[in-house]
Amino acid sequence: MNNSINLFSPYQLGDLELPNRIVMAPLTRQRAGQGNVPRELNATHYAQRASAGLIIAEATQVSPQGQGYPNTPGIHSPEQVAGWKLVTDAVHQQGGRIFLQLWHVGRISHPDLQPNGELPIAPSAIKPEGQALTFAGLKPFVTPRALETTEIPVIVEQYRQAAANALAAGFDGVEIHAANGYLIDQFLRDGTNQRTDEYGGSIENRVRFLREIVEAVTSVWDSKRVGVRLSPSGTFNDMRDSNPLETFGYTAQVLSQFDLAYLHLIESADADIRHGGTAVPTDYLRERYTGTLIVCGGYTAEKGNAVLANQQADLIAFGTLFIANPDLPRRLALNAPLNQPIPESFYGGGEKGYTDYPFWSPANEPAVSL
Ligand SMILES: Cc1cc2nc3c(=O)[nH]c(=O)nc-3n(C[C@H](O)[C@H](O)[C@H](O)COP(=O)(O)O)c2cc1C
């Protein structure tokens, strides 16, 4: 127990000095402009949140095929790189640090969102339960097309190129999105990966796709500027695995070999576990991953401080609280009241619910009735 470490202790993340241990979790907000290009509106949103120790910008598709929802940003065209430069410049001007989350949704898409109306791709042709969000509203998921073995290096190369584009756009690092039932997670878990080639079967084979992506991305970036996000206990996007402790324990050990910036874990809400997930305790992964650990999922200041003091993790990521509180570190430091997140404006739209949550000031405090 080390009581001196809390959310406001600085942290040395590789060569980056974080002024506090409060991370802004990646948050899809579906507010990119024409061509899935980030714009001033997005720059304002992120610059408002620059007091985070680290911002992890929203999931961003590495290719047109990687898209699964309307108006999510990409990092595969020159216009998108220029758009993201507005964002990184604005955050840096405010003294912040920002990573980009690299994303391919795999089967969590729909022909309506795919180039030429093609089928989404996946490790295996297994249809997820549920509905895709298209431009015309919700539509049932379709059975994806299983990737040919020879197509896999093409996707790995898209991650490498996207990482190079993120570097050109002025990011401080990248996070590989291997969580929440998207493409990399679909390879990791045997509920979605029933391949018989070297990318399926044993856990060594199922982790190969992630390993190759980490190798590709760290050929562009210093490994200390690359993080990976996993959701070992999550069932979101109809995910399952026959042995999550083995799958994610082994994955954590493989990732330890790369001297990365961090491993970022989503600790699932009870709801996920009730729906058939198996809890993979963070302590179990802490024993198997030797580097910096970020945890996320339902944290309050009190819970975050306790986890840091016990050294169960090094950094705490906040999602919904950062949506509603641009100055979250200051509010937590002052124990000031928090704005409540408004779920109706999470996805899509403009300034409302995006750049108009107020900063705290004594004048904003509700009057005390005597
Ligand atoms: C609106 C919204 C968008 C999200 N988008 C992403 C995303 O792009 N990438 C990701 O890995 N997780 C995403 N998540 C999950 C969050 O990063 C985080 O893990 C989750 O909100 C739990 O943390 P919290 O309890 O502090 O909100 C999203 C969550 C919400 C509510």
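Keep in mind that the numbers below use all heavy atoms, side chains included, and drop hydrogens, waters and symmetry copies. One-based numbering, in listed order, for ligands and for the atoms of each. Source: prediction; values computed, not measured.
- Nearest heavy-atom pair, Arg31 versus Ser345, reported as atom, atom and distance to 0.1 Å: NH2-O, 2.8 Å.
- Contact annotation: for Asn180 versus ligand 1, heavy atoms closer than 4.0 Å belong to the side chain alone.
- Checked by atom type, the side-chain pair Thr292/Asp314 shows no donor-acceptor distance below 3.5 Å.
- Within a 6.0 Å sphere centred on CD of Gln12, other residues, nucleotides and ligands contribute more than 12 heavy atoms.
- At a 3.5 angstrom cut-off on N or O pairs, Glu58 does not count as close to ligand 1.
- Summary of contacts: the protein heavy atom closest to atom 4 (C) of ligand 1 is Thr28 N, 3.4 Å.
- Seen from the ring of Tyr284, Arg288 counts as a face-on cation partner, given the 6.0 Å and 45° thresholds.
- In this structure, the protein non-hydrogen atom closest to atom 29 (C) of ligand 1 is Leu27 CD2, 3.7 Å.
- Scanning the protein heavy atoms around atom 22 (C) of ligand 1, the nearest turns out to be Gly297 CA, 3.8 Å.
- The Ala25 neighbourhood of ligand 1 comprises atoms 17 (O), with distances under 4.0 Å to a heavy atom of that residue.
- The closest protein non-hydrogen atom to atom 18 (C) of ligand 1 is Cys296 SG, 3.7 Å.
- One side chain, Glu58 or Tyr46, offers a donor N or O that lies under 3.5 Å from an acceptor on the other.
- Residue Phe318 has at least one heavy-atom neighbour below 4.0 Å for each of these atoms of ligand 1: 26 (O).
- Residue contacts with ligand 1 leave out Ala179, since none of its heavy atoms falls under 4.0 Å from the ligand.
- Here Lys224 does not pair with Asp222 in a salt bridge; the nearest charged N to carboxylate O distance is not below 4.0 Å.
- Among the atoms of Arg229, some N or O lies under 3.5 angstrom from an N or O of ligand 1.
- Residue Ile323 places no N or O, backbone or side chain, under 3.5 Å from any N or O of ligand 1.
- The protein heavy-atom contact nearest to atom 9 (N) of ligand 1 is Gln101 OE1, 2.8 Å.
- Residue-to-ligand polar distances place Gly298 within reach of ligand 1: an N/O pair is separated by less than 3.5 Å.
- Contacts with ligand 1 closer than 4.0 Å are made by heavy atoms of both the backbone and the side chain of Pro26.
- Contacts of Phe346 with ligand 1, taken as heavy-atom pairs under 4.0 Å, involve the side chain alone.
- Counting only heavy atoms from C-beta outward, the side chains of Val307 and Glu267 never approach each other to under 4.5 Å.
- Arg107 and Pro120 get closest at one heavy-atom pair: CA-CB, 4.2 Å.
- Under a 4.0 angstrom heavy-atom cut-off, Tyr347 registers as being in contact with ligand 1.
- Under the 4.5 Å side-chain criterion, counting only non-hydrogen atoms from C-beta, Gln161 is not in contact with Val220.
- Tyr69 and Tyr182 have perpendicular rings, their planes meeting at more than 60° on a 0 to 90° scale where under 30° would count as parallel.
- The shortest N/O to N/O separation between Ala59 and ligand 1 falls below 3.5 Å.
- Short contacts between ligand 1 and Thr320, defined as distances under 4.0 Å to a heavy atom of the residue, involve ligand atoms 24 (P), 26 (O), 27 (O), 31 (C).
- Closest protein heavy atom to atom 26 (O) of ligand 1: Gly319 N, 2.8 Å.
- Looking at Thr72 and Gln61, their side chains do bring a donor and an acceptor atom within 3.5 Å of each other.
- Between Trp221 and Phe171, the distance from one ring center to the other does not fall under 6.0 angstrom.
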